[in-house]
Amino acid sequence: MPDPLTPEIQMEAERLRAALHHHNHRYYVLDDPEVSDAEYDRLMQALVGLETRFPQLRTPDSPTARVGAPPLEKFETTRHSVPMLSLENGFDDGDIREFDARLRRLLAVEAPLRYTAEPKLDGLAVELVYRDGLLVMASTRGDGFSGEVITENVRTIRSVPLRLRPPQGRAIPALLEVRGEVFIGRAGFRKLNQDRLAAELAPFANPRNAAAGSLRQLDSRVTAARPLEIFCYGVGAAGGQPLTGHSDTLRFLSALGLRVNPLVREKITIEEALTFFHRLEAERHELPYEIDGMVVKVDRLDFQQALGATSRSPRWAIAYKFAALQETTRILDIQVQVGRTGAITPVAVLESVSVGGVTVSRATLHNADEIAKKDIRIGDRVLVQRAGDVIPEVVKSLPSLRDGSQRPFQMPANCPVCGAPVVRLEGEVALRCNNVSCPAQIKEGIRHFAAKGAFDIEGLGEKLVAQLVDKGVIASYADIFQLEAPQLALLERMGAKSAENLVQAIAASRTIPLGRFLYALGIRHVGEHVARLLAEHFKGLEALAAASEAQIAAVAGVGPVVARSVRAFFSQVENQRTVDALLTRGVRIVSPAAGPASENAFEGQRFVLTGTLESMPRSQAKACIERLGGTVSGSVSAKTRFVVAGSAPGSKRERAEALGVQVIDEERFLALLEAAEGRRG
Ligand code: IVH
């Protein structure tokens, strides 16, 4: 006999659904959660439980309905009721001033026009159709007139509301077509690619490709596992809303619970728009997602109407694009670099060129096969590109520009650092130096060991590691923990004070969660993410070291290649000695903290420190914040998340208060750190 569905149970489901909708909105749309992840999970589990017991409780807008649906055979197409046009592009301030002048001429207005400017996200345009507040269809832009129906996929995006919120003092429109950009942020992209590498799948080249690939999945359960997000920037058919400006439209969308980019500048002059553009250009790399420019739109909707559109794009808007991230330059030389695992990578030495505002003078050529495939020669003119956080790479050579002086490149037969013969392992494209005492490998290994995500020893960077290894001061990981200040103070560019700081940083790094310890060891195929999975599963180093290959491969998210590599690592006597030596020198492994793993609890959050802290020097506070993914800046702006005020805080505190930025004292700051560290695992 199934349980009877009582009115109390119905009400309980309704209550849970309302609470989850609310918290979803706070978390994914406003980026301002009110409850812990654990509390959210508890509510979700309760609702899933009820809906499993009483399937008749399930509704299409239930917060549980985001896991994807059975796969489709193919996508249907749909015609957009209002075409989804493209945008005209501008490439310098002159183009944008011309656009403004043209519009004033067309509209015959003397007074300055008011514009609304928004970051231009680099993702995919989609349309969401809401009927009576319920998401009923989502489609791609397609050719602008008709697109593919991707409703099930879009339903899995957490920042897309399945039901609109009733805006204050207004009714939900009977029909609303919302337009926006679906994208994957930097952190999501990094983690997605780590997962793919762990599962032995090819990583995505950039966030845009990852978003496109994720959105065009016939199986929406695959989409559900991808970190897609949305920012809404306009409407198609909107059915008689009393809106007068584009900025009102954005506010209306926001009031309905849709996610709108908070960096929008409303009703500004064209000169203010240019200033905003140059700020975005300078700060774009600090944003948690990639943008490729700014969109400027005439704010007044009656002006938009009057200006109309060409067949391609509206006359009332323009995209001001950042300089291209691809440039041509010349390959001066090809050198080889020896990595931590002995892999020998060819690197192009380039005639310096500015690519999207960053000077590039070296670019990876990946391996000998790539060089052959792309027919790249020393002296060639080549196309180089830089995508987001990715290392610059040579896209292709331009053979038509050769003058006969170009020389083909041959990989060396011996390691350029230690001279040992290089080998090519079966099934691998990379060549390797197999000498475990090759100084290049030792340096790279130690640099990795001390880097962020591993032991995270502030001050122990590439240059210092190279000096220490070259001078024979250290030759292994464990040697790091025997370094003393007087000995360090004798090194180049190292005073007594920085030597003391380094020794302190080393001491502070001794206590380390298991996941970071495993990552630090540099086991092949074990990146940060896999290391964390292993730590969470095995809980202790002994259990992992004793596990069989099959037991390791049984961990969710860990593939057979990883399992083989981990098993092989712990079977080698040298590696056992390395681990023992670390433990003997006082390294203390702590087991992963309970709770949802969040590697970067402060991701994207900007802190400002002011006044004197009792518990630590500012440099250490800064290091703590950065370790958790946050940034520390010297001045308070609207983008600042917290101002940490120690004793005798300066004017920064006043400025924060004026801007409405949250000011916290040292005690709150320490509590915040503790909570965040706990979540790191
Ligand atoms: S408005 C009719 N606003 O850029 C004008 N577009 O090149 C519609 N995009 O297809 C576009 N961010 O995919 C607008 N804040 C933003 C945008 C944006 C990104 C994309 C969109 C569009 C393309 C036009």
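When a ligand or atom number is given, it counts from 1 through the structure's own listing order.
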Participant: Measure the distance from atom 8 (C) of ligand 1 to every protein heavy atom, then report the residue, atom name and distance (to 0.1 Å) of the closest one.
Facilitator: L85 O, 4.1 Å
Participant: What protein heavy atom sits nearest atom 2 (C) of ligand 1, and how far away is it?
Facilitator: P314 CG, 3.5 Å
Participant: Which distance, rounded to the nearest 0.5 Å, do you find between the OG of S637 and the CD of E283?
Facilitator: 7.0 Å
Participant: Are F189 and Y289 close enough that their ring centers fall under 6.0 Å?
Facilitator: no
Participant: Compute the ring centroids of F91 and Y320, then answer whether they are less than 6.0 Å apart.
Facilitator: no
Participant: Give me the residue, atom name and distance of the protein heavy atom closest to atom 3 (N) of ligand 1.
Facilitator: K297 NZ, 3.1 Å
Participant: Please determine if K120 and D292 form a salt bridge, counting it only when a charged side-chain N lies under 4.0 Å from a carboxylate O.
Facilitator: yes
Participant: How would you list, by chain and number, every residue that makes a side chain to side chain contact (heavy atoms under 4.5 Å, CB included) with R102, sequence neighbours excluded?
Facilitator: E88, F99, R105, L106
Participant: For ligand 1, which part of L87 has a heavy atom less than 4.0 Å away: the side chain, the backbone, both, or neither?
Facilitator: both
Participant: Regarding ligand 1, does E181 bring an N or O atom to under 3.5 Å of one of the ligand's N or O atoms?
Facilitator: yes
Participant: Out of all atoms in ligand 1, which are within 4.0 Å of some heavy atom of E118? Include the element for each.
Facilitator: 3 (N), 15 (N), 16 (C)
Participant: With respect to atom 12 (N) of ligand 1, which of L124, D122, L121, D292 exhibits the smallest heavy-atom separation?
Facilitator: L121
Participant: Given that the side chain starts at C-beta and the backbone is N, CA, C, O, which of these parts of S313 lies under 4.0 Å from ligand 1, counting heavy atoms, or is it both or neither?
Facilitator: neither
Participant: Quick check on A309 - does any of its heavy atoms sit under 4.0 Å from an atom of ligand 1?
Facilitator: no
Participant: Cation over ring, R170 on F252, under 6.0 Å and within 45°?
Facilitator: yes
Participant: Looking at E148 and R216, does any basic side-chain N land under 4.0 Å from a carboxylate oxygen?
Facilitator: yes
Participant: Can you list the atoms of ligand 1 that are under 4.0 Å from a heavy atom of A125?
Facilitator: 10 (O), 13 (O)
Participant: Starting from atom 18 (C) of ligand 1, what is the nearest protein heavy atom, named by residue and atom, and what distance separates them?
Facilitator: Y233 CE2, 3.5 Å
Participant: Salt-bridged, E229 to R158, with N to O below 4.0 Å?
Facilitator: no
